[in-house]
Amino acid sequence: MRLNPSVPLSFLFAVCALLGSTSCRDETTSVNPAPITPGQGPTASIAAIRFTTLCGTTYSVLNGNATKMYVAWAVVGTTEKGTLSLPATPPNQTYTESRFKTAHTGTVRLTYNSTSIGSAQSSSTACALQSTAGAWSPVNPWPVIPIDVAVLPNGNLLAWGHAGNPYLWNPSTGTFTSVPAPTDVFCAGHNFLPDGRLLVAGGNITDGHGLATANIFDFRTDQWTAVPRMKAGRWYPTNTALANGEQLVIAGDDSAGNSNRTPEVWQTGGGWRELTTAKLSVPEYPWMFVSPSGRVINAGPDPRAMYLNTAGTGSWSSGPVSQFGYRDYGAAAMYDGSKLIVVGGGLTPTNTAEILDLRTTNGWKYTGSMSVPRRLLNATMLPDGTMLVTGGTSGSGFNNLSGAEHAAELWSPVTGKFTSLASANVERLYHSVALLLPDGRVLTGGGGDPVAAGATNQPNTEIFSPPYLFDPDGRPATRPVISSAPTAVGYGQTFLVGTPSAASVNAVTLVSLPSTTHGFNQNMRLIRLPFSISAGNLTITTPASPNLAPPGYYMLFLVNPEGTPSIAQIVKVG
């Protein structure tokens, strides 16, 4: 079921501790709410209201009307009854969803102005707990379809799509600010420089034809600056932050629509240098990661991984071959500082995943498989070291809406298994994003723009709260707390973090700030840091080398034995 709620989580912890396979996300009334006159408000069509059972005694009411409606419900054969306010459906959305839960089992009837809308029967299917399935927020409208999104060092998000200006979103206030770019940055590559500025390389002329322009966004001033152009255009390139503070830009199509075979590097002093002896045609938006050796590995979607040495004019060397093969529009992530996982994708979607330890020569190994095949999915490393998979389609073809997958899945590097979680409200296929927020939640959004294969434009986002944010009773979990921490650290050093939670911390992780587009976070890296506990403080050791943590800004998380993370401290490393 594709749902589009726009109501608050007013009942989230009172009675919505239950989450079904379609995820009991947002209740809007208690079992016995304050009296509301049913039918109050403008006349609307009851044909646009759908009433269904979600799980157990939890029910869903969808309102497809553009006006607020009030309905009444009653459990047949009992005195239990109530009323429900159905929010109006905003423009660009299909319907809103409201939830309610009854104390009795049996048949529930729904009416509008005493006219029957329908009835639903309680289900024997139990709802899963939020502590095992997580929970989704309502869908939030955005002024832009978020196809490219980055979390900036100040916590704001920079986002843009195919049309219109980029926007800044302040998660604390919920406000949006337009920040026009000097050139069209759609279908560009982007990643962070060591000082936290975002380098955006390439852009859109027309489909398959890229600009040679480059721009930098400075989070300190909220201003863009045009910088020297690259040698040739790039449409769908990947940017990779290097260990020496430079930034690699690779792949994409030039202004003539040909594959740009020559990598270029943005130098620390500004300006570009070409890697003229490293010319190679690689797929658009390749999955590039700095390895512990300092070389950059192209982990896919091509079956054979390749290593790029960016010193001088550059050189390539061969790496291991995927067990599965070509993972077109799959996803990739780096975890534990030196390990890679690739998942899903393929011309015919696959549910398989493979892992590669860059410190060994053992090659790609299959890990557990997802419950369903997925193409056009997103993969997000979480602070506890697990990986969240969202969106995508199991259908064949490019952007098959009929196969849209709403349920999230969680992969454990310890067990190698995927676990199904709560279902999102909106399908997220081509041009969707997912990225970790500093509070440990995951923002997903976008899709469409332009519409492909019948999929709907999605100028909106929703936020997933992973199971680690809930206690077994469905209430918010107790988080570790960072009371003091440095804002900058070097390599191979120790530093103190003050925390009243020191005794309950069993992991410390660094997660690089996300810079995501087209299902790939171009700045994805999670690193576990050694630590010791003394006198209410943590003494933490930083990575020994920039090969393990390229210089820049990271989110520092403290994690307890239940996997619950603190709210991150954003720290500059290097």
*Asks:* Taking the side chain from Asn260 and the backbone from Gly252, do they hold a donor-acceptor pair closer than 3.5 Å?
*Replies:* no
*Asks:* Are Asn204 and Trp235 linked by a side-chain donor-acceptor pair shorter than 3.5 Å?
*Replies:* yes
*Asks:* Is any side-chain N of the basic residue among Arg528 and Asp336 closer than 4.0 Å to the acidic one's carboxylate O?
*Replies:* yes
*Asks:* For the CD atom of Glu405 and the CZ atom of Arg375, what is their distance to the nearest 0.5 Å?
*Replies:*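 If I round to the nearest 0.5 Å, the distance is 14.0 Å.
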*Asks:* Should Asn547 and Ser291 be marked as a side-chain hydrogen bond (donor to acceptor under 3.5 Å, both in side chains) after you check the CA-CA gap, both sets of side-chain angles, and the distance that decides it?
*Replies:* CA-CA 7 Å; Asn547 292 347; Ser291 73; over 6 Å; no
*Asks:* Just by distance, do the side chain of Thr206 and the backbone of His209 share a donor-acceptor pair under 3.5 Å?
*Replies:*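 Looks like no, no N/O pair under 3.5 Å.
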*Asks:* Among side-chain atoms of Asn523 and Ser515, is any donor-acceptor pair under 3.5 angstrom?
*Replies:* no
*Asks:* Aromatic contact between Tyr366 and Phe324, with the criterion being ring centroids under 6.0 Å apart: yes or no?
*Replies:*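 Between Phe324 and Tyr366, which both carry aromatic rings, the centre distance is not below 6.0 Å.
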*Asks:* For Pro283 and Ala251, work out which heavy atoms get closest and say how close.
*Replies:*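 What the structure gives for the nearest pair is O-CB, 3.6 Å.
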*Asks:* Is it true that a side-chain atom of Glu264 and a backbone atom of Leu275 form a donor plus acceptor pair closer than 3.5 Å?
*Replies:* no
*Asks:* If only side-chain N and O atoms count, and only distance matters, is there a donor-acceptor pair under 3.5 Å linking Trp364 with Ser322?
*Replies:* no
*Asks:* Would Trp411 and Tyr335 count as a ring pair (Phe, Tyr, Trp, His ring centres under 6.0 Å) here? Give the steps.
*Replies:* CA-CA 12 Å; Trp411 176 74; Tyr335 66 102; 5.4 Å; yes
*Asks:* Taking atom types as modelled, find out whether Ser259 and Ser281 have a side-chain donor-acceptor pair closer than 3.5 angstrom.
*Replies:*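 Yes - a donor-acceptor pair under 3.5 Å links their side chains.
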*Asks:* May I ask you to decide if Leu308's main-chain N or O and Trp316's side chain share a donor-acceptor pair within less than 3.5 Å?
*Replies:*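 Pair absent, no side-chain N/O of Trp316 close to backbone of Leu308.
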*Asks:* Are any of the side-chain heavy atoms of Met288 and Pro263 separated by less than 4.5 Å?
*Replies:*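 Heavy-atom side-chain distance check fails, nothing below 4.5 Å.
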*Asks:* Is a side-chain N or O of Asn215 found less than 3.5 angstrom from the main chain of Trp224, in a donor-acceptor match?
*Replies:*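 Here the side-chain-to-backbone pair does not exist.
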*Asks:* Looking at Gly416 and Thr367, what are the two nearest heavy atoms and their distance?
*Replies:*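 Closest pair (atom of Gly416, atom of Thr367, distance): O-OG1, 3.2 Å.
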*Asks:* Between Asn309 (side chain only) and Ala311 (backbone N and O only), is there a donor and an acceptor less than 3.5 Å apart?
*Replies:* yes
*Asks:* Does any donor atom in the side chain of Glu462 or Asn425 lie under 3.5 Å from an acceptor atom in the other side chain?
*Replies:*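 Short answer, yes.
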*Asks:* Which is it for Tyr167 and Trp142 under the ring pair (Phe, Tyr, Trp, His ring centres under 6.0 Å) test, yes or no, and what are the steps along the way?
*Replies:* CA-CA 9 Å; Tyr167 277 83; Trp142 275 38; 8.8 Å; no
*Asks:* Is His431 reaching over with its side chain to a backbone N or O of Asp449, donor-acceptor style, under 3.5 angstrom?
*Replies:*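 Yes, the answer is positive, given that a donor and an acceptor are paired below the 3.5 Å cut-off.
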*Asks:* Can you check whether Ile250's main-chain N or O pairs, donor with acceptor, with Thr238's side chain at less than 3.5 Å?
*Replies:*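 Side chain of Thr238 to backbone of Ile250, a donor-acceptor pair under 3.5 Å: no, none is there.
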*Asks:* Decide whether Thr313 and Glu274 meet the rule of one side-chain donor and one side-chain acceptor closer than 3.5 Å.
*Replies:*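 Distance-only check fails for Thr313 and Glu274.
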*Asks:* Flag the pair Tyr285 / Phe520 as yes when their ring centroid distance falls below 6.0 Å, and as no otherwise.
*Replies:*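 No, the ring centres sit 6.0 Å or more apart.
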*Asks:* For the residue pair Asn351 and Val372, establish whether any side-chain heavy-atom pair is separated by less than 4.5 Å.
*Replies:*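 Result no, sub-4.5 Å side-chain heavy-atom pair not found.
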*Asks:* Side-chain donor-acceptor pair under 3.5 Å between Gln458 and Ser432, yes or no?
*Replies:*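 No pair is found: no donor N or O on one side chain lies under 3.5 Å from an acceptor on the other.
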*Asks:* Determine whether the aromatic ring centres of residues Trp136 and His406 are separated by less than 6.0 angstrom.
*Replies:* no
*Asks:* With distance as the sole test, does Arg428 use its side chain to make a donor-acceptor pair with the main-chain N or O of Ala434 at under 3.5 Å?
*Replies:* no
*Asks:* Would you please indicate if the ring centroids of Tyr430 and Phe398 are separated by under 6.0 Å?
*Replies:*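 Centroid distance Tyr430-Phe398: below 6.0 Å, so yes.
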*Asks:* Side chain of Tyr468, backbone of Gly440: donor and acceptor closer than 3.5 Å?
*Replies:*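 Here the side-chain-to-backbone pair exists.
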*Asks:* Which heavy atom of Ala159 sits nearest to which heavy atom of Pro146, and what is that distance?
*Replies:* CB-CB, 4.4 Å
*Asks:* Do we see a donor-acceptor contact under 3.5 Å between the side chains of Asn239 and Gln247?
*Replies:*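 Yes - a donor-acceptor pair under 3.5 Å links their side chains.
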*Asks:* Arg441 vs Asp439, test: salt bridge (Lys or Arg N to Asp or Glu O under 4.0 Å). Steps then yes/no.
*Replies:* CA-CA 6 Å; Arg441 299 181 300 164; Asp439 63 8; 2.8 Å; yes
*Asks:* Cation-pi check, Arg295 to Tyr307: give yes when NZ or CZ is under 6.0 Å from the six-membered ring centre and within 45° of the ring axis, no otherwise.
*Replies:* yes
